[in-house]
Amino acid sequence: MSEPKILGQFQLEHRTIQVSGDDGNNGTVWLRRVHPDPPMALGCVVELDSSTPRLRLYRAEWPDALREQAKEQTLAIWRSARA
């Protein structure tokens with residue numbers, strides 16, 4: 001099994017979040033905070049190829065508006081990577 005490919009990153013408040021995914025798993029990408037230290041796996045966005053993608057966070061409790069912003073930015077990166 002190969003390492004997930006880094007598709008891009010975005011800023012969310014004070015965080016820099018990296019988005020990665022596999023070629024074989026087009027409907028899911030993983031989110032990792034790369035700044036501030038320490039780097040940390042945040043969760044994933046699943047069902048990207050559906051009309052209702054879902055953000056699943058491992059530990060973080062984010063308000064709804066922040067969750068929606070993270071999901072939208074992740075979708076934009078995922079769509080750009082597939083183009």
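Since the model is a prediction, treat every value here as computed from it, not as a measurement.
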key: Connected via hydrophobic side-chain network under 4.5 Å: L42 and L75   = yes
inquiry  = Looking at every heavy atom in both T52 and E47, which two are closest together, and how far apart are they?
reply    = O-OE1, 3.8 Å
request  = Indicate whether any N or O donor in one side chain lies under 3.5 Å from an N or O acceptor in the other, for T16 and Q11.
outcome  = yes
task = State, yes or no, whether a side-chain contact exists between L12 and W62 at a heavy-atom distance under 4.5 Å.
result = yes
request  = Would you check if I17 and Q9 make a side-chain contact, meaning some heavy-atom pair closer than 4.5 Å?
outcome  = no
query = Which distance, rounded to the nearest 0.5 Å, do you find between the CZ of R82 and the CG of L48?
reply = 8.5 Å
inquiry  = As an exercise, state the distance from OG1 of T74 to CG of L31, rounded to the nearest 0.5 Å.
reply    = 4.5 Å
task = State, to 0.1 Å, how close F10 and Q73 come at their nearest heavy-atom pair, and which atoms those are.
result = CB-OE1, 3.0 Å
remark   = Between L55 and L57 the two heavy atoms that sit nearest each other are CD1-CD2, 3.9 Å
query = Are the side chains of P39 and R33 in touch, meaning some heavy atoms are under 4.5 Å apart?
reply = no
ask   = Tell me, do L66 and E13 make a side-chain contact under 4.5 Å, heavy atoms counted?
value = yes
key: Closest non-hydrogen atom pair, L7 against A81   = CD2-CB, 3.8 Å
key: Student check: side-chain heavy atoms of V19 and W30 closer than 4.5 Å   = no
request  = Check P36 against R15 and note the closest heavy-atom contact, atom names and distance.
outcome  = CD-CA, 4.3 Å
message = Quick one: does any side-chain atom of K71 pair with a main-chain N or O of P53 as donor and acceptor, under 3.5 Å?
response = yes
